Visitor: 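Sharing a structure below in structure tokens format, with a few things to ask.
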Amino acid sequence: MLCDMHWTGKVDSVAFTIGGKDIAWYGIIITCAMLAGLVAAFIRGKKHNLTIDDLVEIFIIAIPLAIIGARLGYVMVRPEYFPSDFGWDDFVNVIAVWDGGLTIMTGVPFGVLGGAIWCKWRKVNLIDLADIIIPVVLLSQGLGRWGNFCNQEIFGAEITDPSLQFFPIAVYIARLGGFYQALFFYEMVMDLAFFAAMMIVLRHLKVRGAGSLMYLFSYCLIRFVMEFIRDDGHIYDVFNYTQVICGILVVVSAGLLTYLIVRDVKKGKKVWYGKGGIPLEETVQIHPYHKPSKKDAGTNK
């Protein structure tokens with residue numbers, strides 16, 4: 001059949017092989033997505049006096065912890081990873097993040113733990129650091145969804161209407177022999193759209209904790225909506241525990257951010273800066289900000 005030849009069903013999950021070991025596209029794409037997040041964090045951090053050395057240190061500490069947390073969250077709810085005769089091969093299967101299977105909801109808290117360790121070490125305020133870095137996680141998540149595409153993961157209800165059987169509306173899932181909603185792509189678009197919206201708002205909004213809360217609201221809202229059609233082929237089915245948790249966090253994050261804005265306004269603080277955004281002198285500085293004096297400027301001539 002012609003549909004069997006659709007390119008979305010023929011993508012090889014293996015990029016290449018080295019020494020008999022398959023290197024999956026999933027691992028390559030996730031790594032590239034993390035590096036893109038690091039670059040975005042550097043761009044955002046420059047205004048806050050966050051150096052590339054700082055970010056590399058945070059990256060080295062937080063990313064491994066985030067991967068461990070994300071993998072644990074994935075395998076701990078799947079008994080098939082822990083047979084009664086658990087052996088070495090099963091252990092390798094548990095840690096095989098390169099084959100796919102990461103849960104963002106447990107990965108982010110572990111990553112935050114890594115950030116907290118760095119903040120304790122470098123004597124930096126964790127909330128200030130989180131407001132800079134956590135929003136870029138949504139960028140990495142969106143780009144990383146292409147790894148799910150290569151593994152033929154994250155899809156929705158089956159699409160039987162031939163007029164809708166094309167990408168990006170649908171993907172062909174080879175093991176199921178049919179077209180399904182390209183949910184990975186929907187999530188990617190939403191992730192990138194919310195990321196762009198956050199960058200615009202955070203350029204003008206000065207409220208401590210806003211960056212972290214906006215990420216929490218954005219991710220949980222996206223996940224809440226996507227869970228209705230994720231992998232089960234049923235639209236608006238019964239709620240699951242993930243949706244319940246995400247729904248609660250959407251309300252809590254929105255409520256808390258509103259409270260912080262109202263509180264700062266009542267205290268007489270300026271929370272919104274118009275054209276041009278927040279001036280450099282008003283931005284939160286991770287390290288002490290030194291404004292060059294006329295003497296310094298003359299010395300540098």
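Keep in mind that this is a model prediction, so the values were computed, not measured.
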Visitor: Does Ala170 offer a backbone N or O that forms a donor-acceptor pair with the side chain of Gln181 under 3.5 Å?
Guide: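 Judged by distance alone, no pair lies under 3.5 Å.
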
Visitor: Got Leu176 and Phe155 here, is their nearest side-chain heavy-atom distance under 4.5 Å?
Guide: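 Result yes, sub-4.5 Å side-chain heavy-atom pair found.
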
Visitor: Here's one to test your reading of the geometry: is the NZ or CZ of Arg78 within 45 degrees of the ring axis of Tyr74 and under 6.0 Å from its centre?
Guide: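 That pair qualifies as a cation-pi contact.
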
Visitor: Taking C-beta and beyond as the side chain, do Ile63 and Met34 meet within less than 4.5 Å on heavy atoms?
Guide: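 Sidechains of Met34 and Ile63: in contact.
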
Visitor: Nearest heavy-atom pair of Met199 and Pro135: which atoms, and what distance?
Guide: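 Nearest heavy atoms, Met199 then Pro135: CE-CB, 3.7 Å.
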
Visitor: Who pairs with Arg223 by salt bridge (charged side-chain N to carboxylate O under 4.0 Å, His left out), at least two apart in sequence or on another chain?
Guide: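 In terms of salt bridge (charged side-chain N to carboxylate O under 4.0 Å, His left out), with neighbours along the sequence ignored, Arg223 is linked to Glu227.
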
Visitor: Just checking Tyr219 against Phe194, ring centres under 6.0 Å apart?
Guide: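 Tyr219 vs Phe194: aromatic centres not under 6.0 Å.
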
Visitor: Sequence neighbours left out, what pairs pass salt bridge (Lys or Arg N to Asp or Glu O under 4.0 Å) with at least one residue falling in residues 117-140?
Guide: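 Every salt bridge (Lys or Arg N to Asp or Glu O under 4.0 Å) pair that includes a residue of residues 117-140, provided the two are not neighbours, is Glu57-Arg122, Asp128-Arg208.
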
Visitor: Does the ring centre of Trp7 sit less than 6.0 Å away from the ring centre of Phe167?
Guide: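 For Phe167 and Trp7, the ring centres are under 6.0 Å apart.
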
Visitor: Strictly distance-based, threshold 3.5 Å: is any side-chain N or O of Thr8 a donor or acceptor partner for the main-chain N or O of Tyr172?
Guide: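 Yes; judged by distance alone, with no hydrogens or angles, the pair exists.
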
Visitor: Where is the tightest heavy-atom contact between Ile278 and Leu205, given as atom of each residue plus distance?
Guide: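 So the two residues come closest at CD1-O, 3.6 Å.
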
Visitor: Listed by chain and number, what are the side-chain contact (heavy atoms from CB on, under 4.5 Å) partners of Val250, not counting sequence neighbours?
Guide: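 Per chain and number, Val250 pairs via side-chain contact (heavy atoms from CB on, under 4.5 Å) with Phe217, Cys220, Leu221.
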
Visitor: Let me check something: do Leu164 and Val189 share a hydrophobic cluster, defined by ILVMFWY side-chain heavy atoms less than 4.5 Å apart, either directly or through other members?
Guide: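 Linked within one cluster.
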
Visitor: OH of Tyr273: more than 12 outside heavy atoms within 6.0 angstrom?
Guide: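 Enclosed.
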
Visitor: Looking only at side chains, do Asp161 and Ser163 share a donor and an acceptor under 3.5 Å apart?
Guide: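 Yes, because at least one side-chain N or O of Asp161 sits under 3.5 Å from a partner of the opposite role on Ser163.
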
Visitor: Going through the checks in order, is the side-chain contact (heavy atoms from CB on, under 4.5 Å) test met by Phe149 and Val171?
Guide: CA-CA 9 Å; Phe149 166 68; Val171 288; 4.2 Å; yes

Visitor: side-chain contact (heavy atoms from CB on, under 4.5 Å), that's the test. Do Tyr81 and Met76 meet it? Break it down for me.
Guide: CA-CA 8 Å; Tyr81 281 92; Met76 292 304 292; over 6 Å; no

Visitor: Starting from Val137, can I reach Val201 by hopping between I/L/V/M/F/W/Y residues whose side chains sit under 4.5 Å apart?
Guide: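 Yes, it is one cluster - the side chains of Val201 and Val137 are joined through contacts under 4.5 Å.
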
Visitor: Does a side chain donor of either Glu281 or Thr283 reach within less than 3.5 Å of an acceptor in the other side chain?
Guide: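 Side-chain D/A pair, Glu281 to Thr283: absent.
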
Visitor: Is the side chain of His204 donor-acceptor paired with the backbone N or O of Gly274 at a distance under 3.5 Å, no angle test?
Guide: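 Answer holds: yes.
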
Visitor: Flag yes if more than 12 heavy atoms outside Phe82 fall under 6.0 Å of its CZ atom; otherwise flag no.
Guide: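 Buried by this count: over 12 neighbours within 6.0 Å.
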
Visitor: Within the 3.5 Å criterion, strictly below it, is a donor on Gln165 or Tyr180 matched to an acceptor on the partner's side chain?
Guide: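 No donor-acceptor contact under 3.5 Å links the two side chains.
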
